[in-house]
Structure formats: structure tokens, C-alpha cells
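Structure first, then comments.
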Number of protein chains: 2
Amino acid sequence: MSNPSKMKVYQEVLNKIRHFIQERELEDGDRIPSERELSEQLNASRASVREALRAIELLGLIETRHGEGTFLRTYKPFHSVELLSTFVLTEAQTKNELNEVQFMLEKLCLQELKRLNVRGIEELKSLDDASEQIHNELFILLFNQLGNQLLLKIWHLVASFQQLTEQEQLDTSDLQSIIDQIKRQEYDQAIDTHSRLYT
Amino acid sequence: MSNPSKMKVYQEVLNKIRHFIQERELEDGDRIPSERELSEQLNASRASVREALRAIELLGLIETRHGEGTFLRTYKPFHSVELLSTFVLTEAQTKNELNEVQFMLEKLCLQELKRLNVRGIEELKSLDDASEQIHNELFILLFNQLGNQLLLKIWHLVASFQQLTEQEQLDTSDLQSIIDQIKRQEYDQAIDTHSRLYT
DNA sequence: TTGCGTTAGTGGTCTGACCATTTATGAAAA
DNA sequence: TTTTCATAAATGGTCAGACCACTAACGCAA
């Protein structure tokens, strides 16, 4: 009754934990107080603290180790992918949209590589043998060249969704062609070859 | 001891709720069973059920009304944005990355509009008066033209993050130019003008 | 010094209780 | 009959306390 904020306890706990992290400038791997400590310091029951922590955990922001404690970790959206997919993929057209977006992001990547005139990507050499995961490995490598982790995260998110829809495997020979073309810095050709993957 | 899956209870509850929703093809606004019902049917304590529900709620997938029940709602990523920002924006370079990604996505949008040879966008006429939100309105409109909701969601997510960083306002005159150029289907010029926004 | 059992701390889970809010119920009043 | 309103039932919100499972540190013994 005396709560004017009307906000749920677990949400207030959430915010307090956020502030706690911000003020102390905690980083990846740092430990946050135990559930019992938080419960006491934040004046909330352990159950409410846990509700907040579980929510944060599902978002992939913290990691919980039984018997050890709760630790920060850099945001990895991949953990909530499967869950979100249930709700996002219900619309019939979404699978097709996923395909489109993944294609566009990869094309964007190749265009940027060309624009930045990237040359001599050392790591490409280790990709010669075509494996199942070659598509993923290739673009993780390429997006890393752009130096934008966020774009990589977004692409990875979309690509992960794709895998859940049991998409058919792409042609590895075309992938090999793309690798070779990038080695020779023939980005326009690589973009063309890449387009063929998605038709 | 007898749990070979080693998965936490709240995560199993999570999955069971997902399956429940999938099987019954529940849609936006539909009600899911009460916490006590779920607790009984899923053979878990109400506390564990709540941990799962709170996590789903934070993701923006369900809505909870005191005294009424819990209801599905279409996924809106905007709710968890503020929370995520605390954790994502800690890295110094991230703001810059956000800027880059937003720019690239918008450029991608314009390129696709050109490629699809989109003409005669009716809704542009109502954007003549430059408002504060014109940037958002414009690209929501343009992404909608592409007919890919997922891409729109991704852009909107990134743009929302941006707003939290108190980014300075963009030049509205340039935005007006872009609108005019799109009206005349001068996409190349629009792309050039757009580049100027982010320099 | 090394090895290992003990123990304290921590997350994981459950039970049961009580409060706050909404909606349905049904009796009383018009 | 219709309307009004107190009551009850269902539901989410929150808490306290208990117990289990796991980890790491401690300290004693070999």
C-alpha cells in the first residue's frame, strides 16, 4: 500500500542490480553479491531476487554457477535465441524474412570489406577444408574484419534462428569460391557468388 | 539426483510453456494457465514457475495482470532495451558501433528500395512537416516498404539503443532532402545524402 | 609438503502462508 | 424485473523458512 512506485519488487531489484554494476564499473567475469546478500541489502525476499536474476540470466547477461556464485558476462544474445524463436517464428512469412535478412547482412559485410579495401585476410587460409560449419566460420571471420562486434552479434542472431528452422545446407563449393575470391580481393565477384547461395 | 537433464527447473518450465503455446497455437492476447495450474501440471513449485514467467515477461513475450492472469503478446523487443543497454553500452566502442550499424542498416534499406525499383510511396506525403521524430517515422515507413518485418525490428532495436545514448539530433534538412529524393525515385542521391547524416 | 575429509558459503528448489487486485456471484434494494 | 452492492473465488505479488547439491577453502593427518 505504501509503495507509490507500483513497480514490482523483482523489477526494482533489477534496477538496483543494474546501478550496482554501473557504479562499481563491474566487467565481464566479475562476481556480484550472493542471492542472500542481495536479499538483505535490497530489502527484498530471496524469491524476488531470484526472479530478477533468472530474468537477467535468460537475457544472457549473467552466468550462474552452482556453489560458486553469480557472475557478469558480456552480452551474448545467442542464449535467448531458441526461446525467442518460438514467439517470433510463428508468423508464416518469418522464415523467409530470416533468409532475406541473413543474405542482406552478409552482402552488407562483403560490400563493406570492399569499401574498406581489406586485403590479406590471414585467417582465410585455415578455412581451406570445407566443413559443415564453414559458412558460419567464414562470416564470423569476415564480420570480425570489419571490427564491429555489434553487427557480428546481429548476424549471428539471425543465423542462429535460421539453423532452428532446419534450413537446407548451402552449397559448399560456392562458399569455397567466395573464399578464393576474397583472397584475391575480387569482392564484386564474391558478392555475385554469394547471391547465388540464396536463390 | 534423478534428474539426468541437469537443466534447471525454471528452464524446463520455460520449454514446457513454449510447447504449450506452440501446440495450442495461442496468439496475441490469449491467456495461459495460472501459476498454480502450471505449477501442478508441470510438476514444479510455484516459485520455479514464477521464475520462468518473470524471465519470459522481461523478454516482452507475456503480459501479467494482477488478479486476472498471464497473457501472450506479440514480441516487442523494445521493453528490454533499457535493461540491455546497461550491459551492452559499457564498452567504450559500442556507441560508435551502434552508430555504424544503424547507418549501414539504413543504407541497406535504401539500396533495397532502389533494387526493387519501389516507386510512389504514398505515405511520404504526410511527412512533409519536419518533426523531431521524423527520422524514425521515415525509416519505419521505408522498411515497411521492403515488406520485411524482421529487418524493421532489428533496425528499430538498434535505433532505440541509440536514443538511450543521447545521440545528438540529426540534420532535419538533410532528412527532408532524402524524402524529396525518394519521392523522385533518385535513390542514388538519397544514399549520398544519407551518408552525410553520419559523418 | 602432500593429500584428503570437513565445513562454510552459495545456488536450486519446495512448501505454505498471507496480501492485493480483479471478476463473478448472488442477495438485497429500487 | 432491474439495479446495486457486498461477498466470495480466482489469480498474481511477496515473503519466510527449510532442505538439498555443489564448490572451494580450511586444516589436520600422512
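Letters A, B, ... mirror the listed sequences (proteins, then strands); counts begin at 1.
Nucleic acid contact for A/E37: sugar-phosphate only, since backbone atoms but no base atoms lie under 4.0 Å from a heavy atom of the residue.
Applying the 4.0 Å criterion to OP1 and OP2 of D/dT11, one finds that B/T70 has every side-chain N and O outside that range. Close to D/dC15, at under 4.0 Å from its OP1 or OP2, lies a side-chain N or O of A/S48. Between B/R54 and the phosphate of D/dG12, there is no side-chain N or O to OP1/OP2 separation shorter than 4.0 Å.
What separates CD of B/E68 from C1' of C/dT22 is a distance of 6 Å, to the nearest Å. Put simply, CD on A/E12 is 10 Å from P on D/dC15, counting in whole angstrom units. We find that CG of A/L38 is positioned 16 Å from P of D/dT14, with the value rounded to whole Å. The separation between B/E35 atom CD and C/dT21 atom C1' is 13 Å, rounded to whole Å. Regarding A/K8, its NZ atom lies at a distance of 21 Å from the P atom of C/dC19, rounded to whole Å. Here D/dG13 presents its P atom at 11 Å from CD of B/E63, a figure rounded to the nearest Å. Taking atom CD of residue B/E40 and atom P of nucleotide C/dT15, one finds them 11 Å apart after rounding to whole Å. Rounded to whole Å, atom C1' of D/dT14 lies 14 Å from atom CD of B/E57.
In this model, a side-chain donor or acceptor of A/R36 finds a partner on the base of C/dG11 within 3.5 Å. Contact of A/R50 with C/dG11 (side chain to base): no donor-acceptor pair of N or O atoms is detected under 3.5 Å. One donor-acceptor pair, N or O on each side, does fall under 3.5 Å between the base of D/dG13 and the side chain of B/R46.
Of the candidates D/dA24, C/dT13, C/dT15, the closest approach to any side-chain atom of B/A47 belongs to C/dT15. In this structure, of D/dG12, C/dC14, D/dT14, it is C/dC14 that holds the atom nearest to the side chain of B/A44.
Of the N and O atoms on the side chains of A/E123 and A/N144, not one donor lies less than 3.5 Å from an acceptor on the other residue. Counting only N and O atoms by type, the side chains of B/Q181 and B/D192 include no donor and acceptor under 3.5 Å apart.
Along DNA chain D, the nucleotide nearest to B/S34 and the one nearest to A/S45 differ in position, and the one closer to the 5' end is contacted by B/S34.
An aromatic stack links B/H66 and the base of C/dA20, using centre distance under 5.5 Å and interplanar angle under 30°.
Panel note: side chain B/Y10, backbone B/L53; no donor-acceptor pair is recorded below 3.5 Å.
The pair A/R54-A/E35 meets the salt-bridge criterion, with a side-chain N (NZ, NE, NH1 or NH2) lying under 4.0 Å from an Asp/Glu carboxylate O.
Under the 6.0 Å cut-off for aromatic ring centres, B/H194 and B/Y187 do not qualify, their centroids lying 6.0 Å or more apart.
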